[in-house]
Engineer: 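Here you go, one structure.
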Amino acid sequence: MSAINRQNILNNKVTLEGIQEYIGVSGMFFKEEYRFTKSPISDFYGIDISTIERLIASIIH
């Protein structure tokens with residue numbers, strides 16, 4: 001897929017809702033973006049919440 005195709009998918013609210021339903025992880029649409037809590041993301045990837053927190057901290061700092 002091209003970068004344009006990927007961006008078109010990410011900008012399509014209906015498509016993203018279908019993907020969320022298919023994979024069993026639902027986000028909340030807030031301020032024009034989907035937001036996810038750490039718990040379902042850690043379940044989906046099979047990782048500990050502390051791993052997500054470390055990754056977020058490394059991006060912020």
Side-chain angles (χ1 to χ4, degrees):
M1 287 186 125
S2 71
I4 293 171
N5 287 340
R6 285 191 297 275
Q7 195 59 48
N8 287 338
I9 290 169
L10 294 174
N11 289 333
N12 187 324
K13 185 177 177 184
V14 174
T15 301
L16 288 176
E17 288 171 352
I19 292 169
Q20 290 178 63
E21 184 177 327
Y22 179 78
I23 63 175
V25 176
S26 61
M28 175 179 51
F29 197 68
F30 179 72
K31 293 188 177 183
E32 301 300 316
E33 293 182 341
Y34 278 97
R35 308 291 174 117
F36 298 88
T37 60
K38 292 180 255 183
S39 182
I41 298 302
S42 70
D43 291 343
F44 178 78
Y45 285 106
I47 58 174
D48 195 64
I49 289 176
S50 63
T51 302
I52 295 172
E53 291 170 345
R54 273 195 313 279
L55 289 170
I56 292 170
S58 71
I59 292 168
I60 293 172
H61 299 311

Engineer: Taking all atoms of both residues into account, what is the closest heavy-atom pair of I52 and K38, and its distance?
Structural biologist: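 Smallest interatomic distance, heavy atoms only, reads CD1-O, 3.6 Å.
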Engineer: Mind checking whether Y22 and M28 sit in one hydrophobic cluster, side chains of I, L, V, M, F, W, Y counted as touching below 4.5 Å?
Structural biologist: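 No, because Y22 and M28 fall into different hydrophobic clusters, even though each may have its own neighbours under 4.5 Å.
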Engineer: Honestly curious: do F29 and F36 fall in one hydrophobic cluster under the side-chain, below-4.5 Å linking rule?
Structural biologist: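 Yes, F29 connects to F36 through the hydrophobic network.
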Engineer: Heavy atoms only: give me the nearest I41-T37 pair and the separation to one decimal.
Structural biologist: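 Minimum heavy-atom contact is CG1-O, 3.3 Å.
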Engineer: Say whether F44 and I49 are linked into one hydrophobic cluster, either directly or through other cluster members, by side-chain heavy-atom distances under 4.5 angstrom.
Structural biologist: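 Different clusters: F44 never reaches I49 through Ile, Leu, Val, Met, Phe, Trp or Tyr contacts under 4.5 Å.
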Engineer: Hey, could you give me the CG/CD1 distance between L55 and I60, rounded to the nearest 0.5 Å?
Structural biologist: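 Here the interatomic distance stands at 11.0 Å.
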Engineer: Between CZ of R54 and CD1 of I47, what distance do you get to the nearest 0.5 Å?
Structural biologist: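 Answer rounded to 0.5 Å: 9.0 Å.
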Engineer: Is it true that, when you exclude Y45 itself, more than 12 heavy atoms of the residues, nucleotides or ligands shown sit nearer than 6.0 Å to its OH?
Structural biologist: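 At most 12 heavy atoms, drawn from other residues, nucleotides or ligands, come within 6.0 Å of this atom.
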